[in-house]
Amino acid sequence: MKYFVKNDKRSGTIYHEFFMGEWDEQTFWSDSSLYLHDDIRVGLELYERVFSKVFDSYNDWGDNRVTKPDWERICEISEGCGGEIKELFDELRPWAEENFSKNNEFWILGI
């Protein structure tokens, strides 16, 4: 993977955790999660270019619930952005599809 890492490849804690399913407000660093380093998030301006257009109040430092309609909107926006933004969300797509085959949501947990 180019943008995301699994838990066993994570180095440090400056990651945004993409947490599968409903978050219990206690569990972190799950092995089923994918992790995006904050430097990538900042460098690609994900908040400005994608998340601010999907969520009324996205919190880089907190928890953010992502529903299937949210995910579909993220995919639509990333297609329009093209380049690395599209690549990043294309990389996340198989994980998200697996998630939505079992769950109604996933969470992005900020650092």
Side-chain angles (χ1 to χ4, degrees):
M1 290 188 173
K2 180 176 176 180
Y3 300 98
F4 292 90
V5 296
K6 295 256 187 189
N7 197 27
D8 62 344
K9 301 293 185 209
R10 183 175 53 81
S11 174
T13 60
I14 304 178
Y15 289 86
H16 297 265
E17 180 173 2
F18 287 64
F19 187 91
M20 199 172 270
E22 186 176 345
W23 184 51
D24 63 8
E25 299 187 24
Q26 297 176 18
T27 305
F28 296 94
W29 313 122
S30 171
D31 287 339
S32 65
S33 294
L34 289 181
Y35 299 88
L36 179 68
H37 197 280
D38 192 53
D39 289 346
I40 295 172
R41 182 200 61 84
V42 170
L44 293 178
E45 300 176 327
L46 290 184
Y47 172 76
E48 297 83 358
R49 297 180 70 195
V50 179
F51 296 144
S52 68
K53 297 175 180 164
V54 176
F55 304 101
D56 291 334
S57 58
Y58 183 85
N59 184 350
D60 283 332
W61 310 102
D63 52 86
N64 303 279
R65 180 175 180 253
V66 181
T67 63
K68 185 152 185 158
D70 295 333
W71 171 246
E72 291 168 354
R73 181 73 177 125
I74 288 169
C75 291
E76 178 184 315
I77 292 167
S78 71
E79 289 286 328
C81 289
E84 285 194 284
I85 299 261
K86 181 183 180 310
E87 286 179 27
L88 181 143
F89 287 107
D90 283 350
E91 185 174 286
L92 185 61
R93 190 180 310 269
W95 177 91
E97 288 174 0
E98 177 186 351
N99 173 75
F100 286 120
S101 74
K102 304 177 223 175
N103 305 295
N104 295 322
E105 62 194 35
F106 68 83
W107 288 74
I108 303 173
L109 308 176
I111 56 174

- Note on the structure: Shortest non-hydrogen pair, H16 vs G110, comes out as ND1-CA, 3.6 Å
- Task: Go through the structure and list residues passing side-chain contact (heavy atoms from CB on, under 4.5 Å) with D31, not counting sequence neighbours.
- Result: N7
- Message: I'd like to check the ring-ring contact (aromatic ring centres under 6.0 Å, His included) partners of H37; sequence neighbours left out, ordered by chain and number.
- Response: Y15
- Message: The criterion is side chain to side chain donor-acceptor pair (under 3.5 Å); which residues satisfy it with S30, sequence neighbours excluded?
- Response: S32
Please report, to 0.1 Å, the donor-acceptor pairs under 3.5 Å made by any side chain of residues 79-90, with sequence neighbours excluded.
unit_1: E84; atom_1: OE2; unit_2: Y3; atom_2: OH; d: 3.1
unit_1: K86; atom_1: NZ; unit_2: D90; atom_2: OD2; d: 2.6
unit_1: E87; atom_1: OE1; unit_2: K2; atom_2: NZ; d: 3.3
unit_1: E87; atom_1: OE1; unit_2: Y3; atom_2: OH; d: 2.9
unit_1: D90; atom_1: OD1; unit_2: R93; atom_2: NH2; d: 2.9

- Short question: side chain of R10, backbone of G12 - any donor-acceptor pair under 3.5 Å? yes
- All side-chain contact (heavy atoms from CB on, under 4.5 Å) counterparts of T27, not counting sequence neighbours: F19, D24
- In the hydrophobic clustering (ILVMFWY, side-chain contacts below 4.5 Å, transitive), which residues join I14, or is it alone? W61, I111
- Counting only N and O atoms by type, is there a donor-acceptor contact under 3.5 Å from the side chain of N64 to the main-chain atoms of N59? yes
- Message: Tell me whether V50 shares a hydrophobic cluster with Y35, the cluster being built from Ile, Leu, Val, Met, Phe, Trp, Tyr side chains joined at under 4.5 Å.
- Response: no
- Task: Give a yes or no on this: more than 12 heavy atoms of other residues, nucleotides or ligands lie within 6.0 Å of atom CG of D8.
- Result: yes
- Which residues share a ring-ring contact (aromatic ring centres under 6.0 Å, His included) with F28, sequence neighbours left out: W23
- Quick one: which residue pairs count as a side-chain hydrogen bond (donor to acceptor under 3.5 Å, both in side chains) with a foot in residues 100-111, not counting sequence neighbours? R65-E105, E98-K102, N99-N103, E105-W107
- Residues two or more places apart in sequence or in another chain: which of them pass side-chain contact (heavy atoms from CB on, under 4.5 Å) with K53? I77
- Task: Answer with yes or no whether the hydrophobic clustering places L92 together with V5; edges join I, L, V, M, F, W, Y residues whose side-chain heavy atoms lie under 4.5 Å apart.
- Result: no
- Message: Suppose we screen for ring-ring contact (aromatic ring centres under 6.0 Å, His included). Which residues come up paired with F18, at least two apart in sequence or across chains?
- Response: F4
Identify each donor-acceptor pair in which a side-chain atom of residues 68-75 lies under 3.5 Å from a protein atom, sequence neighbours left out, and give them as a table.
unit_1: D70; atom_1: OD2; unit_2: T67; atom_2: N; d: 3.0
unit_1: D70; atom_1: OD2; unit_2: T67; atom_2: OG1; d: 3.0
unit_1: R73; atom_1: NH1; unit_2: E76; atom_2: OE2; d: 2.7

- Query: Should V54 and Y47 be regarded as members of a common hydrophobic cluster, given that ILVMFWY residues are connected when their side-chain heavy atoms come within less than 4.5 Å of each other, either directly or indirectly?
  - Reply: yes
- Query: What pairs with E45 under side-chain contact (heavy atoms from CB on, under 4.5 Å), at least two apart in sequence or on another chain?
  - Reply: E48, R49
- Task: Evaluate the ring planes of F106 and F100, with Trp represented by its six-membered ring, and classify them as parallel (under 30°), tilted (30 to 60°) or perpendicular (over 60°).
- Result: tilted
- Does the side chain of M1 come within less than 4.5 Å of L34's, by heavy atoms? yes
